[in-house]
Amino acid sequence: MRRKIVAGNWKMNGSQGLVEDLVGYVRSQVSSLDNGVEAVIIPPALYVRDVQSLAGEQVAVGVQNVARWEAGAYTGEVSAAMARDCGCRYSLVGHSERRQLFGETDAVVAEKVVQLLSQDLIAIVCVGETLAEREAGQAQEVVAAQVKKGLAGVSGSAWRNIVVAYEPVWAIGTGKTATADDAQTMHRSIRDVLEALGAPADEISLLYGGSVKADNAAALFAGPDVDGGLIGGASLVAKDFMSICQAMPADAES
Ligand code: PGA
């Protein structure tokens with residue numbers, strides 16, 4: 001059975017003060033999470049150790065990015081092995097901001113996925129179309145290509161460490177969300193692509209991301225192929241993040 005996951009991507013936001021507030025609130029509320037969801041906190045790498053005390057059965061910690069190399073003279077980079085050494089279970093890969101601002105291609109995404117899998121970390125591989133691509137009717141094709149190329153190095157039991165996050169680029173940080181139907185349709189199509197790649201598609205968690213908030217999460221999570229969310233802005237507000245975690249239906253197949 002696939003995991004239900006709500007991951008909070010802080011991006012380049014946060015401070016020691018925010019960490020203290022968030023850790024305190026999440027700790028006080030986590031026992032009320034009774035829907036089987038795993039909350040994944042993904043702060044900037046410098047704060048990973050500061051949120052680590054939350055890690056347990058219902059909460060995990062992740063990084064936003066890792067290097068595509070194993071180790072060595074790569075100033076400014078953080079390796080998958082370091083993320084694991086510091087207690088992370090997850091890493092984002094190929095977030096649209098990395099693709100757009102840092103030139104991360106599908107080939108780079110694939111290399112990073114391989115690094116993560118070599119450390120037995122779970123890769124949350126982000127895919128999504130731009131507005132122009134959606135308007136041109138190419139959304140499914142673009143997303144399918146990102147899934148295929150980004151996961152080119154995955155086989156066998158490594159699939160259990162793959163999560164795919166569908167984040168339409170036009171919905172990130174804009175307040176616009178895909179409709180619940182659009183999200184479900186794209187998730188179904190991603191599952192079909194995974195199946196065609198020989199993956200155990202029904203076992204792979206698919207997250208929706210892009211302006212998910214406390215008041216729209218339940219509707220977006222209702223689709224049978226939507227196994228959770230990747231949350232940006234709203235994950236910085238502890239109460240909102242926990243409400244979103246709570247919005248995942250307990251009785252979903254996923
Ligand atoms: P948002 O970001 O929730 O602020 O739209 C989502 C993301 O980029 O992961």
Side-chain angles (χ1 to χ4, degrees), residues 5 7 9-12 40 42 44-45 62-72 74 76-84 88-130 132-134 138-173 186-187 189-201 204-210 227-230 232:
I5 298 166
N9 170 18
W10 293 16
K11 311 192 180 189
M12 198 174 73
V40 184
I42 311 184
V63 283
Q64 297 172 13
N65 178 43
V66 291
R68 59 191 227 254
W69 305 281
E70 202 177 317
Y74 302 104
E77 293 287 281
V78 167
S79 71
M82 290 168 191
R84 185 181 168 89
C88 291
R89 293 241 315 275
Y90 287 81
S91 176
L92 300 181
V93 194
H95 189 280
S96 65
E97 288 148 19
R98 303 283 327 162
R99 293 178 190 260
Q100 291 189 327
L101 302 172
F102 301 94
E104 208 158 287
T105 60
D106 290 321
V108 171
V109 171
E111 288 183 88
K112 292 183 175 186
V113 168
V114 168
Q115 286 298 326
L116 291 167
L117 296 177
S118 76
Q119 295 299 324
D120 201 21
L121 290 169
I122 300 172
I124 302 179
V125 181
C126 305
V127 296
E129 81 286 358
T130 62
E133 288 162 344
R134 174 156 285 260
Q138 296 166 342
Q140 296 206 351
E141 191 188 315
V142 165
V143 167
Q146 289 172 341
V147 171
K148 285 183 205 154
K149 292 180 193 165
L151 298 178
V154 187
S155 61
S157 63
W159 284 111
R160 78 188 148 79
N161 278 351
I162 296 296
V163 171
V164 178
Y166 168 57
E167 298 203 300
V169 178
W170 47 270
I172 295 177
M186 185 61 89
H187 282 221
S189 126
I190 292 172
R191 219 178 281 291
D192 291 344
V193 173
L194 290 168
E195 180 96 55
L197 290 177
I204 295 181
S205 302
L206 304 182
L207 315 185
Y208 172 79
D227 306 307
L230 178 54

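These numbers come from the heavy atoms of this one structure, side chains and all, not from hydrogens, waters or symmetry mates.
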Student: On a heavy-atom basis, which atom in S96 and which in V169 lie closest, and how many Å separate them?
Tutor: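 Between these two residues, the closest heavy atoms are CB-CG2, 3.9 Å.
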
Student: Once you round to the nearest 0.5 Å, how far does CH2 of W170 lie from CD of E129?
Tutor: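 Rounded to the nearest 0.5 Å, the CH2-CD separation comes to 6.5 Å.
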
Student: Could you report the tightest heavy-atom contact between H95 and C126, atom names first, then the distance?
Tutor: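 Heavy atoms only, the tightest pair is CA-CB, 3.7 Å.
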
Student: Sub-3.5 Å donor-acceptor pair from the side chain of Q146 to the main-chain atoms of G128, do we have one?
Tutor: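 Judged by distance alone, yes, a pair lies under 3.5 Å.
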
Student: Rounded to the nearest 0.5 Å, what separates atom CG in L230 from atom OH in Y208?
Tutor: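 The CG atom of L230 sits 10.5 Å away from the OH atom of Y208.
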
Student: Measuring from atom CG of D192 to atom CG of L197, what distance do you get when rounded to the nearest 0.5 angstrom?
Tutor: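 The distance works out to 11.0 Å.
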
Student: Evaluate the criterion side chain to side chain contact (heavy atoms under 4.5 Å, CB included) for residue pair Y90 and I5; output intermediate values, then yes/no.
Tutor: CA-CA 11 Å; Y90 287 81; I5 298 166; 3.7 Å; yes

Student: Could you check whether any side-chain N or O of E133 sits under 3.5 Å from a backbone N or O of T130, counting only pairs where one atom can act as donor and the other as acceptor?
Tutor: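 The answer is yes, because a donor-acceptor pair under 3.5 Å joins these two groups.
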
Student: State the OG-CD distance between S91 and Q115, to the nearest 0.5 angstrom.
Tutor: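 It is 11.0 Å, given to the nearest 0.5 Å.
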
Student: Of all the heavy-atom pairs spanning V113 and G150, show the shortest one and how long it is.
Tutor: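 Here V113 and G150 meet closest at CG2-O, 3.7 Å.
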
Student: Nearest 0.5 Å, please: how far is CG in N9 from CD1 in I124?
Tutor: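 If I round to the nearest 0.5 Å, the distance is 9.0 Å.
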
Student: So, does R84 use its side chain to make a donor-acceptor pair with the main chain of Q119 at under 3.5 Å?
Tutor: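 Present.
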
Student: Under a 3.5 Å distance rule, please check whether R191 uses its side chain to pair with a backbone N or O of I204 as donor and acceptor.
Tutor: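 Yes; judged by distance alone, with no hydrogens or angles, the pair exists.
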
Student: Looking at every heavy atom in both E167 and G210, which two are closest together, and how far apart are they?
Tutor: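 The answer is OE2-N, 4.0 Å.
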
Student: How about CD on E77, more than 12 heavy atoms from neighbouring residues, nucleotides or ligands closer than 6.0 Å, or not?
Tutor: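 Yes - once you tally the heavy atoms of other residues, nucleotides and ligands closer than 6.0 Å, there are more than 12.
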
Student: Is it true that D106 and K148 have a side-chain N and a carboxylate O under 4.0 angstrom from each other?
Tutor: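 Salt bridge flag = no for K148 with D106.
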
Student: Of the options L194, V193, V93, V127, which is the one that meets L151 in a side-chain contact (heavy atoms from CB on, under 4.5 Å)?
Tutor: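 That would be L194.
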
Student: Using 30° and 60° as the class boundaries, would you call the ring planes of Y74 and W69 parallel, tilted or perpendicular?
Tutor: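 The arrangement is parallel - the two ring planes meet at less than 30°.
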
Student: Would you say D120 and R160 make side-chain contact, with heavy atoms under 4.5 Å?
Tutor: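 In short, these two side chains touch, coming nearer than 4.5 Å.
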
Student: What distance do K149 atom NZ and T105 atom OG1 have between them, rounded to the nearest 0.5 Å?
Tutor: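 Between K149 NZ and T105 OG1, I get 9.5 Å after rounding to 0.5 Å.
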
Student: Would you indicate whether the side-chain heavy atoms of I172 and E97 approach each other to under 4.5 Å?
Tutor: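 Counting from C-beta outward, E97 and I172 do come under 4.5 Å.
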
Student: So does K11 get a backbone contact from the side chain of Q64, meaning a donor-acceptor N/O pair under 3.5 Å?
Tutor: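 Confirmed, Q64 side chain pairs with K11 backbone.
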
Student: Do you know which two heavy atoms are closest between S205 and D227, and how far apart they sit?
Tutor: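 Distance-wise, the nearest heavy atoms are CA-OD2, 3.4 Å.
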
Student: Can you confirm whether V154 sits close enough to N161 that some side-chain heavy atom of one is under 4.5 Å from a side-chain heavy atom of the other?
Tutor: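 The answer is no; the side chains never approach within 4.5 Å.
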
Student: May I have the step-by-step check of side chain to side chain contact (heavy atoms under 4.5 Å, CB included) for H187 and V143, ending in yes or no?
Tutor: CA-CA 10 Å; H187 282 221; V143 167; over 6 Å; no

Student: Got a donor-acceptor contact below 3.5 angstrom from the R98 side chain to the V109 backbone?
Tutor: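 No.
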
Student: So, for P168 and G209, which heavy atoms are closest and what is the spacing to 0.1 Å?
Tutor: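 In terms of heavy atoms, the two residues are closest at CD-O, 3.4 Å.
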
